[in-house]
Amino acid sequence: VDISAIEREFTKTDAAMAELPLSGNSPIIGSVGRFTEAKGYKYLIRSFSDIKRTYPDSQLLLIGDGELMSDLRSEAKATGYNEDIYFTGFLSTVFPYLPLFDIAVFPSLWEGFGLTPVESMIAKRPIVATNIPAFQEIVDDAGVLVEPADKTALADEIKTLICSSSRQLELGQAGYERATERFSIKRTVRSDVNLYQELANE
């Protein structure tokens, strides 16, 4: 990822917040992705009922669009808390919205390589994601991993983070350091150049 380009977009975060019917004084649980079966969003939405019983002012912000939009809206309505579940639809850029999250959640059932968790780590957001190979590589111990399709585990870890601002800051900083050290485009270019030089010298 291009860290500098992402961070420049954070200057637009206040304007992004002004566009949304959310309260900045209440916990915002957020995610970014395509609304497909692989992303596992129904489990995050189902976990929200449990979260609301403990933290009634919490909010869920889902950024994206996709084939399951209608199904996920129905899931949201079934929770009884759909007024606190906000779907943005497609956005041309998501970066200004990432700092709005108190906790970034990625409930995928399977993934190739997920860029959005890395981008959320650049925003210093604490990550809760599923324990699948892609997120093991990306997040590792810089976030919290739970088993896929487990709405109870998702809810428990999210609630644990909501009640600990110090843990949120700790994971956010750890994620930022991991993202900048391992997933910066500049680091990738340097590695590629070094590899080509080694091959040329053989």
Side-chain angles (χ1 to χ4, degrees), residues 1-24 26-45 47-48 58-73 75-76 84-130 132 134-135 137-139 142-144 154 158 161 168 171-180 182-186 188:
V1 296
D2 186 336
I3 294 170
S4 296
I6 293 172
E7 291 180 326
R8 282 195 297 272
E9 290 293 300
F10 296 161
T11 62
K12 304 174 184 176
T13 294
D14 287 346
M17 183 64 182
E19 297 173 357
L20 301 174
L22 298 172
S23 169
S26 300
I28 298 175
I29 302 153
S31 191
V32 182
R34 289 282 300 164
F35 295 161
T36 63
E37 190 68 27
K39 299 296 186 179
Y41 278 120
K42 66 182 178 183
Y43 300 102
L44 174 56
I45 292 172
S47 78
F48 192 59
S58 57
Q59 307 159 96
L60 181 58
L61 174 60
L62 298 175
I63 297 175
D65 201 351
E67 62 201 49
L68 295 184
M69 172 68 89
S70 178
D71 291 347
L72 294 179
R73 287 188 180 276
E75 290 277 0
D84 292 316
I85 301 175
Y86 187 74
F87 295 85
T88 67
F90 173 78
L91 297 175
S92 58
T93 178
V94 302
F95 302 142
Y97 297 83
L98 300 180
L100 299 179
F101 301 166
D102 290 288
I103 301 163
V105 184
F106 299 95
S108 297
L109 305 181
W110 65 90
E111 281 277 1
F113 181 91
L115 281 177
T116 48
V118 178
E119 294 160 353
S120 298
M121 290 157 73
I122 296 299
K124 298 186 179 180
R125 301 300 89 190
I127 304 293
V128 177
T130 43
I132 59 176
F135 294 157
E137 176 186 358
I138 294 167
V139 179
V144 179
L154 273 175
I158 292 168
L161 282 176
Q168 290 180 38
L171 288 178
Q173 184 61 35
Y176 179 80
E177 291 174 3
R178 182 172 177 80
T180 54
R182 297 178 63 90
F183 303 115
S184 164
I185 189 65
K186 291 181 180 179
T188 301

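The first residue in the sequence is number 1, and the count goes up from there. Every heavy atom of this structure was used, including side-chain atoms; hydrogens, water molecules and symmetry mates were not.
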**Fill in**
Leu100 and Pro96 have their tightest heavy-atom pair at CG-O, 4.4 Å
**Request:** Using side chain to side chain contact (heavy atoms under 4.5 Å, CB included) as the criterion, point out the one residue from Asp102, Ile29, Thr88 that pairs with Leu61.
**Result:** Thr88
**Rounded distance (nearest 0.5 Å) linking atom CD of Glu7 with atom OG1 of Thr180** = 8.5 Å
**Request:** Check whether any side-chain heavy atom of Asp84 lies under 4.5 Å from a side-chain heavy atom of Ser58, and answer yes or no.
**Result:** no
**Prompt:** Do Ser31 side-chain atoms and Phe106 backbone N/O form a donor-acceptor pair below 3.5 Å?
**Reply:** no
**Message:** So does Tyr176 get a backbone contact from the side chain of Arg178, meaning a donor-acceptor N/O pair under 3.5 Å?
**Reply:** no
**Request:** Measure the NZ-CD distance between Lys124 and Glu177 for me, rounded to the nearest 0.5 Å.
**Result:** 8.5 Å
**Asked** Where the side chain of Glu75 meets the backbone of Ile45, is there a donor-acceptor pair that is under 3.5 Å apart?
**Response** no
**Request:** Take Glu9 and Tyr97 through the side chain to side chain donor-acceptor pair (under 3.5 Å) test and state the conclusion after the steps.
**Result:** CA-CA 9 Å; Glu9 290 293 300; Tyr97 297 83; over 6 Å; no
**Message:** Just so I know, are the side chains of Leu62 and Tyr86 near enough to count as touching, which here means a heavy-atom distance under 4.5 Å?
**Reply:** no
**Residue from Leu22, Ile158, Leu44, Ile28 passing side chain to side chain contact (heavy atoms under 4.5 Å, CB included) with Leu60** = Leu44
**Asked** Looking only at atom types and distance, does a side-chain atom of Thr130 sit under 3.5 Å from a main-chain N or O of Leu109, one as donor and one as acceptor?
**Response** no
**Message:** Taking the ring of Tyr41 and the ring of Phe87, is the distance between their centroids below 6.0 Å?
**Reply:** no
**Prompt:** With a 4.5 Å heavy-atom cut-off, do Phe101 and Val32 have their side chains touching?
**Reply:** yes
**Prompt:** Which heavy-atom pair separates Pro117 from Ile127 by the least distance, and what is that distance?
**Reply:** O-CD1, 4.0 Å
**Request:** Would you please indicate if the ring centroids of Phe95 and Phe10 are separated by under 6.0 Å?
**Result:** no
**Prompt:** Can you tell me how far the OG1 atom of Thr36 sits from the CG atom of Asp65, to the nearest 0.5 Å?
**Reply:** 11.5 Å
**Prompt:** Any side-chain heavy atom of Ile3 sitting closer than 4.5 Å to one from Val1?
**Reply:** yes
**Request:** For Ala123 and Leu98, work out which heavy atoms get closest and say how close.
**Result:** CB-CB, 3.9 Å
**Glu137 and Arg182 ion-paired at < 4.0 Å** = no
**Prompt:** Looking at side-chain heavy atoms only, is the closest gap between Ile63 and Phe90 below 4.5 Å?
**Reply:** no
**Message:** Between Phe113 and Phe135, is there a side-chain heavy-atom distance shorter than 4.5 Å?
**Reply:** no
**Message:** I'd like to know if the side chain of Gln59 reaches the main chain of Ser23, judged simply by a donor and an acceptor atom lying under 3.5 Å from each other, with no hydrogens or angles considered.
**Reply:** yes
**Request:** Give a yes or no answer on whether the side chain of Arg125 reaches the backbone of Ile103 with a donor-acceptor pair at less than 3.5 Å.
**Result:** no
**Message:** Between Lys39 and Glu111, does any side-chain N to carboxylate O distance fall below 4.0 Å?
**Reply:** yes
**Prompt:** Glu119 and Thr116: side-chain donor and acceptor closer than 3.5 Å?
**Reply:** no
**Request:** Look up atom CG in Asp71 and atom NZ in Lys42, then write down how far apart they are to the nearest 0.5 Å.
**Result:** 9.0 Å
